[in-house]
There are 2 protein chains.
Amino acid sequence: MATRRASITDLAKQLNLSPSTISRALSDHEDVSQATKDRVRQLATALNYQPNQLAAGLRKGRSKMLGVLVPHITGNFFPQVVHGIATEANLSGYNVMIFQSNEDEQQERKNIELLMNAQVEGILVSLANSTHNFEHFEMVQDNTLPLVFFDRIVEGIAGASVGAVVIDDYQGAYEVVTHLAAQGCTRIAHFTGPLHLNIYRNRHQGYLDALQAHGLPAEEELTVFCEMTLAGGTEGMRQLLARPQRPDAVFSSIDVAAVGAMQVLKKAGIRVPQDIALAGFSNEQFTAFTDPSITSVDQNCELMGRTAVQMLLDMVTDNPERPASPHNIVLKPKLLIRESSLRKPKAGAF
Amino acid sequence: MATRRASITDLAKQLNLSPSTISRALSDHEDVSQATKDRVRQLATALNYQPNQLAAGLRKGRSKMLGVLVPHITGNFFPQVVHGIATEANLSGYNVMIFQSNEDEQQERKNIELLMNAQVEGILVSLANSTHNFEHFEMVQDNTLPLVFFDRIVEGIAGASVGAVVIDDYQGAYEVVTHLAAQGCTRIAHFTGPLHLNIYRNRHQGYLDALQAHGLPAEEELTVFCEMTLAGGTEGMRQLLARPQRPDAVFSSIDVAAVGAMQVLKKAGIRVPQDIALAGFSNEQFTAFTDPSITSVDQNCELMGRTAVQMLLDMVTDNPERPASPHNIVLKPKLLIRESSLRKPKAGAF
DNA sequence: ATGAAAGCGCTAACAA
DNA sequence: TTGTTAGCGCTTTCAT
């Protein structure tokens, strides 16, 4: 017990072979005799030999690790993306190290450094919403470390080894509003978060453009800036109800705020969707479980994670065949129509 | 551009110092002159020097990494625990590597090996529900790698460097049933998963004992084995309704199955909680958003993660002061009473 | 207060 | 087919 872990040197001694031969045998190098390979492998299992990746990584200059930096690992979205990331990375033999910025720029910066220290071969990032300074990402580029942003991206940045994967927030929002208009809504309000974040800005723009396309009013006061939380939604809805002219639909940029709005409407005896229709964004699990269930937009989170990893690994392995592709992928969102916005029965649905 | 990352050797050359001095200066070793430290640090920042953790880890035999192995990083529970783990580990300067078993014993075994190869200093595991053979964990022990199970644990295993953190599932279930009895329910059914998993077995036992304690029938057919999913819950509820004698309450071992049950009841025009009361387990986010909201048991996931890390780090640093503690921590669950089980108004609540 | 030298475990020229 | 040697970047005795 408590015997030190077996190393290649140990195997070499016990078999009267050189370390290099052991190394080659273990990696199934072609010019090692089958007999030797067998002996080596047998002893390796017997001693429960485990290769030391740190040493191998140091020697080869390839850690086989990817870094992930997210605002937090809670909620629905990030865990799903991380699930996709981990799954896809493992498929290519990469391990994944995870850090959280807690939506804080300082922690983000610090964690980027930690990832670089850990010698990851590439980094996947979704921005903290407080980040305004992007020097830490330029540092990553200076070190020629491939970098892929997902969902919450830095928009100015560009380079051979920087990329981004997002879903088409604009399109998703546009579809939501188009759907609401088709349901007969004419005065559609919008809950949004801070517009310096690409996701909110794009959803907001999609909302505005769709309104215009359908000849609906796009009054400024229909856009409500609120916390993208349950409480934010209730607050936003109260504000809307306090005004002289009520909306007949609310499209919230985040699902949970739509729930807040729904709770206010229920208490006020306002029917959803008949009096006010409701829609959210992200397809959180609970949108299917509320009563009425909430129309939302699915972001295909897992695919986003997988796609981001694929892009990153393309950069890591630096495939010279492929021409320097735009390194920018926009995934299609999917509108999920549920009860909260369905005023007219779908054709043939009933 | 594309300049190789600066190393200690580089700093040494540029400053006409030896690598050892640089190393000491960077780690603020006491017998390096302040003047030298200043020069070194200045150049380090100028060259954007980043220490190579792989090399340091190899040399020191301490990777400063912890391994996490969970069934998956989706849903509510595991992401929250992982959040707690990552947060707590980072506080002590540890990085976290994450793998998913996808509920598969083979992948679990494989990932344990990968974690050992990665030279993590300790491993946190929640068992895949298909795991019946535990040899891979004995391997971890043979390598004297500290191991802490959380939530889904191996019960037979024991040793100086194995531990477990769970919540008191028995107690949580007991409290649910006690509450239902207090609400006047007399025929309480239970949805459960496979009893070889400690969580389901303990919740089931708590259910049974509480029934007995309150003089209620504990008929075998009141325990329904079903998939712990939405569909499993609808299926289980249908089975119960098809029987001659209806229950007046259902306690589901998993929240989502309670939602399934609720949907069936709504469609059947059976009122919740008046006709049949409902309760779940885990305090998933959606339990607060359904209508009626669902009574559940909070597991304090984040605390579980933090506690598990603390225990693990205690083992890693092998504090000899502390007597070999039992390495077994049971956290208290918290019953959250919501509408789905509330037949009588709480005293003073209205 | 600083330097020289060795080595963590592994791999990859280069030799034999 | 196998062995020799050197070195990835860092830390740590031991010496000065």
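These numbers were taken from a predicted model, which means no experiment stands behind them. We name chains A, B, ... by the order of the sequence lines, and we start the count at 1 in each one.
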B:Ile8 CD1 - D:dT12 P separation (whole Å): 11 Å

Non-neighbouring partners of B:Tyr94 that pass side chain to side chain donor-acceptor pair (under 3.5 Å), sequence neighbours left out: B:Arg62, B:Glu121

Side-chain donor/acceptor of B:Thr74 to backbone N/O of A:Gln80, under 3.5 Å: no

Near-strand residues of residues 38-61 of chain A, defined as heavy-atom separation under 4.0 angstrom from DNA chain C: A:Tyr49, A:Pro51, A:Asn52, A:Ala55, A:Ala56, A:Arg59, A:Lys60

Candidates C:dG3, D:dT2, C:dA1 - which lies nearest the side chain of B:Ser20: C:dG3

Interatomic distance, B:Glu121 CD vs C:dC8 C1' [rounded to whole Å]: 14 Å

Nucleotide nearest A:Ser23 (side chain, heavy atoms from C-beta), chosen from C:dT11, D:dC10, C:dT2: C:dT11

Salt-bridge contact B:Lys37-B:Glu30 (side-chain N to carboxylate O under 4.0 Å): no

Between C:dC8 (P) and B:Gln119 (CD): distance, integer Å: 14 Å

Evaluation steps, salt bridge (charged side-chain N to carboxylate O under 4.0 Å, His left out), between A:Arg41 and A:Asp28: CA-CA 10 Å; A:Arg41 289 195 194 132; A:Asp28 207 20; 2.8 Å; yes

Distance-only polar pair, side chains of B:Thr131 and B:Glu108, donor-acceptor under 3.5 Å: yes

Which atom of A:Pro51 lies closest to which atom of B:Gln119, heavy atoms considered: O-OE1, 4.1 Å

Rounded interatomic separation in angstrom, taking CZ from B:Arg5 and P from D:dC10: 11 Å

B:Ser18 and B:Thr21 side chains, donor-acceptor separation under 3.5 Å: yes

Sugar-phosphate, base or nothing in reach of B:Asn16, heavy atoms under 4.0 Å: sugar-phosphate

Modelled atom types, side-chain donor and acceptor of B:His136 and B:Glu113, under 3.5 Å: no

Integer-rounded Å distance: D:dT4 P and A:Ile22 CD1: 13 Å

Euclidean distance, atom CD of residue B:Gln34 to atom P of C:dA1 [Å, nearest integer]: 11 Å

Short side-chain N/O contact to D:dT2 OP1/OP2 from A:Thr36, under 4.0 Å: yes

Residues in contact with DNA chain C, drawn from residues 24-31 of chain B - heavy-atom cutoff 4.0 Å: B:Arg24, B:Asp31

Under-4.0 Å side-chain N/O to phosphate OP1/OP2 contact, B:Ser7 with D:dC8: no

Closest-nucleotide ordering on DNA chain D, the 5'-leading residue of B:Thr9 and A:Thr21: A:Thr21

Donor-acceptor pair between B:Asp38 and B:Gln34 side chains, under 3.5 angstrom: yes

